[in-house]
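Please read all numbers here as calculations on a predicted model, not as lab measurements.
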Amino acid sequence: MINRRKFIMGAGLSLVAATSPISLSAAGSATRKVAKSGHLKLSFAPYELKLRHAFNLARYSRTTTPDVQVQLEYDGIVGYGECSMPPYLGESVESVTKFLGKLDLGQFTDPFKMEDILAYVDGVEPGNRAAKAGVDIALHDLLGKIMGQPWYKIWGLDPAKTPNTSFTIGIDTEDVVRQKVREAAPYKVIKVKMGLDKDQQTIDIIREMMPDVPICVDVNQGWKDKQHALDMCYWLKERNCLFVEQPFDKTWIDETAWLRERSPLPIIADEAFQRIGDITKFKGVYDGINIKLMKSTGMNEAYKMVVLARALGMKIMIGCMTETSCAVTAAANLAPLVDWADLDGNLLIANDRFSGMTVENGKVTLHDIPGIGVKLLAGK
């Protein structure tokens with residue numbers, strides 16, 4: 001049993017429960033011996049993600065997302081990872097490849113020393129969260145393949161407990177919004193990007209076409225007035241909205257706490273929240289957090305975030321950037337632990353390299369594939 005008081009005071013960085021599962025026997029396969037003569041071999045290459053639709057947010061618009069694909073090899077077994085870099089992260093293909101090029105992972109002969117390996121990666125330079133996530137995801141994929149088990153099983157999670165995933169509709173013209181709503185027909189939750197003067201119009205279109213499907217909204221720091229934000233929360237509550245994500249600029253701590261005290265809807269942190277050390281300072285400011293692997297430096301810290309947030313009584317969403325199925329499926333392994341999922345980043349791109357988690361009847365669906373749960377598509 002975890003001592004929650006000690007865990008919270010230490011920000012969870014030494015949490016045994018988050019780091020020990022890989023030493024356990026997963027249906028007997030974790031007893032496979034790891035050769036001590038091998039070395040980790042890291043390789044990586046840029047890969048531009050092409051979006052199916054322009055991605056329009058309150059602060060910018062784009063049609064592509066820079067990305068770096070990562071491979072980590074050990075004794076002929078390859079683990080896949082990914083670094084996706086939307087503009088607000090402040091990373092680029094240049095910065096990611098420069099960081100990854102500095103790493104000497106060949107010094108490690110035992111890939112099961114995950115904490116040592118990731119502590120080394122984290123300590124090379126501050127920041128570089130997406131770059132670090134790429135290594136973390138590839139290491140998890142490698143270890144899961146060595147053990148012959150997917151990570152949700154290694155963590156002891158029930159895949160039947162995954163939530164429905166939301167499907168994102170960005171800010172756009174009325175015709176494009178209607179097209180996106182038609183594309184969203186198979187989904188049980190719709191996520192709406194807000195923060196401009198079209199907010200209510202967009203919701204009205206969705207409610208006209210999909211009267212009963214629950215929605216959630218992501219303002220991406222777009223609201224500028226407290227009273228307007230509160231009025232919108234009440235207006236959205238009447239339209240079957242589940243929560244409001246990042247209503248104000250991430251620096252507006254007092255304003256967000258004011259809104260949270262009065263809002264009929266939960267207020268969720270996204271851009272304001274990055275790594276595990278941020279969680280405790282947001283208790284009482286936000287009702288919950290949106291965990292994304294590109295912010296958390298990967299799966300290892302994301303798992304610890306879930307445990308700490310639960311100890312603080314906070315709600316949890318597992319989200320993603322625009323990513324291939326590699327990073328989205330890695331995040332999906334955590335889905336049985338969370339309240340909400342927003343794992344549609346792979347569905348928003350036209351050039352996925354992997355197959356992995358699927359959405360079946362609106363629900364995040366995990367498959368019995370060792371590692372993070374992906375397969376490289378032929379020719380990719």
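Of the possible donor and acceptor atoms, none in the side chain of Ser263 sits under 3.5 Å from a partner among the backbone N and O of Leu259. Listed for the Glu82 side chain is a donor-acceptor partner under 3.5 Å among the backbone atoms of Thr324. Side-chain atoms of Thr97 come within 3.5 Å of backbone atoms of Glu94 as a donor-acceptor pair (strictly under, hydrogens ignored). No side-chain donor-acceptor contact under 3.5 Å links Thr322 to the backbone of Thr65. Of the possible donor and acceptor atoms, none in the side chain of Arg178 sits under 3.5 Å from a partner among the backbone N and O of Ile205. Put simply, the side chain of Lys250 never gets that close to the backbone of Gln221: no donor and acceptor are under 3.5 Å apart. No donor-acceptor pair closer than 3.5 Å links the side chain of Asp172 to the backbone N or O of Val177. Between the Asp110 side chain and the Phe108 main chain, no donor and acceptor come within less than 3.5 Å of each other. Without hydrogens or angle criteria, Lys132 side chain to Gly127 main chain gives a donor-acceptor distance under 3.5 Å. Judged by distance alone, with hydrogens and angles left aside, the side-chain atoms of Asn290 form a donor-acceptor pair with the main-chain N or O of Gly319 at under 3.5 Å.
Identified under the ring-ring contact (aromatic ring centres under 6.0 Å, His included) test for residues 343-380, with sequence neighbours left out: Tyr80-Phe354. Within the structure, salt bridge (charged side-chain N to carboxylate O under 4.0 Å, His left out) contacts touching residues 271-300 (residues at least two apart or in different chains) are Asp122-Arg275, Arg260-Asp287, Asp270-Lys292, Asp270-Lys295, Arg275-Glu301, Asp278-Lys281. A side-chain hydrogen bond (donor to acceptor under 3.5 Å, both in side chains) check over residues 232-243, counting only residues at least two apart or in different chains, returns nothing. Contacts classified as ring-ring contact (aromatic ring centres under 6.0 Å, His included) and involving residues 249-276 (residues at least two apart or in different chains) are given here: Phe248-Trp252. Applying the salt bridge (charged side-chain N to carboxylate O under 4.0 Å, His left out) test to every pair with at least one member in residues 343-360, sequence neighbours left out, gives no pairs at all. Within the structure, salt bridge (charged side-chain N to carboxylate O under 4.0 Å, His left out) pairs that include any residue of residues 198-207 do not occur (at least two apart or interchain).
His140 places none of its side-chain heavy atoms less than 4.5 Å from the side chain of Ile154.
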* Asked: Can you check side chain to side chain contact (heavy atoms under 4.5 Å, CB included) on Ile316 and Leu337, steps first, answer last?
  -> CA-CA 8 Å; Ile316 303 168; Leu337 292 172; over 6 Å; no

* Asked: Going through the distances and angles, do Arg310 and Asp339 end up as a salt bridge (charged side-chain N to carboxylate O under 4.0 Å, His left out)?
  -> CA-CA 11 Å; Arg310 287 296 188 217; Asp339 301 288; 2.9 Å; yes

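In this structure, a donor-acceptor pair under 3.5 Å is present between the side chains of Thr251 and Asp249. Using a 3.5 Å distance cut-off with no hydrogens or angles, the side chains of Thr168 and Lys193 do not pair a donor with an acceptor.
For Ser166, the side chain to side chain donor-acceptor pair (under 3.5 Å) partners at least two apart in sequence or on another chain are Asp342. By the side chain to side chain contact (heavy atoms under 4.5 Å, CB included) test, Gln107 is found to be paired with Asp104, Tyr120, residues two or more places apart in sequence or in another chain being considered. With sequence neighbours excluded, the residues that form a side chain to side chain contact (heavy atoms under 4.5 Å, CB included) with Val96 are Val68, Cys83, Met85, Glu91, Leu100, Ala131. Phe167 pairs by the ring-ring contact (aromatic ring centres under 6.0 Å, His included) definition with Tyr187, not counting sequence neighbours. In this structure, the side chain to side chain contact (heavy atoms under 4.5 Å, CB included) partners of Ala138, at least two apart in sequence or on a different chain, are Val70, Leu72.
Residues Val189, Leu242, Phe243, Ile268, Trp340 make up the rest of the hydrophobic cluster containing Met317, defined by ILVMFWY side-chain heavy atoms closer than 4.5 Å, directly or through other members.
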